[in-house]
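Naming: A, B, ... by sequence-line order, numbering from 1 per chain.
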Number of protein chains: 2
Amino acid sequence: MAQAQILSKNQQMVFQIIEKAKGPLKAYSILYDVQKKGIKAPLQVYRALDKLLELGKIHKIESRNAFVACKNSNCEITKATAFSICEKCEKVTEINNSKLTNYLSNFQDTTGMKYSKYNLEFFGLCKKCK
Amino acid sequence: MAQAQILSKNQQMVFQIIEKAKGPLKAYSILYDVQKKGIKAPLQVYRALDKLLELGKIHKIESRNAFVACKNSNCEITKATAFSICEKCEKVTEINNSKLTNYLSNFQDTTGMKYSKYNLEFFGLCKKCK
DNA sequence: AACGGCTTGTTATAATATAACATTTATTAA
DNA sequence: TTAATAAATGTTATATTATAACAAGCCGTT
Ligand SMILES: [Zn+2]
Ligand SMILES: [Zn+2]
Ligand SMILES: [Zn+2]
Ligand SMILES: [Zn+2]
């Protein structure tokens, strides 16, 4: 019996849409899509998004209020995310670079703060756009 | 004649409030404050915020939709920002670390993207809260 | 069956941000 | 100086993003 019934019905629906998308999706554009399939209200989408974020299946691009599926082999790492964002075409790529991850995960500043998480967004022009 | 009339009236008003604040401020809490002083509408605040961001006088904490004054000696650098954020008390500190800045400014990924800007937000517990 | 935890459904509303248009003020440059 | 241009302001309305509050259903455990 397909043991990985990890995701609930709504969570699956929302995840599949994000996964298939070519770029980051906004919550209300997801809502528009799933309305064809029974979900009616924003809250149902936001609840699914929250869960998916928590599971690391998706990430939020904070500067865009948009969501992408994790591309790093189902990243447990909700904790260390890095993206490159093209300011012209809005293409977003999740960066998977172990040196960068290491560098940032071990970063210590002078304030004595203990970090458990970070999010990094690079901006510029992608190959096509520059 | 006080040569540095860089900021317009509204811009100054908004900037002073952000500068004096102990932590990040939300746009509508700024609006509430400046309403005592003549500004009436959200748009007037957002316009001032946009300009201040552009000038590098303030930064936006994307994960919080909130604004802080730049603490790095009037950072021309709207282009390379890093913050530490306490997830308990919400204290935010702008990180000023030249090694980090260098590392990130020179970072190259495999996609051949040319970066002109980045924003990094670290999360964790501050000294007091841990 | 009764309980607890999680998920869903639903309506309403809060919080964040921009569009569109009219007017005023400051800067530039003929 | 003055006409043209650019920047900032004022105002109303509306778009976009996100959460509150409450009721009900599903599912595994005891
Ligand atoms: Zn990931
Ligand atoms: Zn591009
Ligand atoms: Zn700064
Ligand atoms: Zn703290």
Side-chain angles (χ1 to χ4, degrees), chain A residues 1-18 21 23-55 57-68 85 87 90 92 119 121, chain B residues 1-18 21 23-68 87 90 92 119 121:
Chain A
M1 230 5 77
Q3 53 96 273
Q5 180 59 23
I6 302 166
L7 299 181
S8 75
K9 188 184 58 145
N10 289 0
Q11 289 157 17
Q12 254 179 307
M13 252 161 70
V14 169
F15 180 60
Q16 280 173 18
I17 289 174
I18 297 174
L25 293 182
K26 303 260 197 170
Y28 276 74
S29 96
I30 295 167
L31 175 60
Y32 178 83
D33 269 8
V34 294
Q35 275 175 336
K36 301 164 194 160
K37 301 173 192 165
I39 285 183
K40 282 175 188 162
L43 196 44
Q44 293 168 281
V45 171
Y46 279 104
R47 284 198 284 226
L49 289 172
D50 283 349
K51 190 68 188 199
L52 294 167
L53 285 169
E54 192 189 313
L55 295 173
K57 308 279 287 179
I58 65 171
H59 303 300
K60 181 172 187 182
I61 310 300
E62 293 286 358
S63 64
R64 299 297 186 262
N65 297 317
F67 303 86
V68 293
I85 303 169
E87 289 187 298
E90 291 293 328
V92 168
N119 180 57
E121 297 179 8
Chain B
M1 232 3 76
Q3 53 97 272
Q5 180 60 22
I6 302 167
L7 299 181
S8 75
K9 188 183 57 145
N10 289 0
Q11 289 158 15
Q12 254 179 307
M13 252 161 72
V14 168
F15 180 60
Q16 281 173 18
I17 287 174
I18 297 174
L25 293 182
K26 303 262 196 169
Y28 276 72
S29 95
I30 295 167
L31 175 60
Y32 178 83
D33 268 8
V34 294
Q35 275 176 335
K36 301 165 195 160
K37 300 172 192 164
I39 286 182
K40 282 175 187 160
L43 196 44
Q44 294 168 283
V45 170
Y46 279 103
R47 285 198 284 227
L49 289 172
D50 282 349
K51 189 67 188 200
L52 293 167
L53 285 168
E54 192 190 313
L55 295 173
K57 308 279 289 179
I58 65 171
H59 304 300
K60 182 172 186 181
I61 310 300
E62 293 285 359
S63 64
R64 299 298 186 261
N65 297 317
F67 303 84
V68 293
E87 289 186 297
E90 291 293 327
V92 169
N119 179 56
E121 297 179 6

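In this structure, the CG atom of A:Leu7 is 10 Å from the P atom of C:dT7, given to the nearest Å. Atoms CD (A:Glu62) and C1' (D:dA18) sit 13 Å apart, rounded to a whole Å. Between B:Arg47 atom CZ and D:dT11 atom P the separation is 11 Å, expressed in whole Å. Residue A:Gln12 contributes atom CD, which lies 12 Å from atom P of C:dT7 at whole-angstrom precision. Between the CZ atom of B:Arg64 and the P atom of D:dA18 there is a distance of 13 Å, given to the nearest Å. What separates CG of A:Asp50 from C1' of C:dT8 is a distance of 15 Å, to the nearest Å. At whole-Å resolution of the value, CG in B:Leu43 and P in C:dA19 are 9 Å apart. Residue B:Leu49 contributes atom CG, which lies 15 Å from atom C1' of D:dT9 at whole-angstrom precision.
Set against D:dA8, C:dT8, D:dT9, the side chain of A:Gln44 has C:dT8 as its closest nucleotide. When distances are taken from the side chain of A:Pro42 to each of D:dT19, D:dT9, C:dT7, the shortest belongs to D:dT19. Nearest nucleotide to the side chain of A:Gln11, out of D:dT9, D:dT12, C:dT7: C:dT7. Minimum atom distance to the side chain of B:Asn10 is reached by D:dT9, of the listed C:dT8, D:dA18, D:dT9. Of the candidates C:dT16, C:dG9, D:dG10, the closest approach to any side-chain atom of B:Tyr46 belongs to C:dT16.
In terms of position along DNA chain C, the nucleotide closest to A:Ala41 lies nearer the 5' end than the nucleotide closest to the other residue of the pair A:Ala41 and B:Phe67.
Of the residues in residues 25-32 of chain B, B:Lys26, B:Tyr28 come within less than 4.0 Å of DNA chain C through at least one heavy atom, sorted by number.
In terms of phosphate contacts, A:Lys51 brings a side-chain nitrogen or oxygen within less than 4.0 Å of OP1 or OP2 of C:dT7. Phosphate proximity of D:dT17 to A:Lys60: absent, as no side-chain N or O sits under 4.0 Å from OP1 or OP2. For the pair A:Ser8 and C:dT8, the criterion of a side-chain N or O lying under 4.0 Å from OP1 or OP2 is met. Considering only side-chain N and O atoms, B:Lys40 lies nowhere under 4.0 angstrom from the phosphate OP1 or OP2 of D:dG10. Proximity of A:Asn65 to the phosphate of D:dA18: a side-chain N or O atom is located under 4.0 Å from OP1 or OP2.
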Under 3.5 Å, which protein N or O atoms sit close to an N or O of nucleotides 23-26 of chain C? Give each pair with its distance.
none

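At least one donor-acceptor pair under 3.5 Å links the side chain of B:Glu121 to the backbone N or O of B:Glu62.
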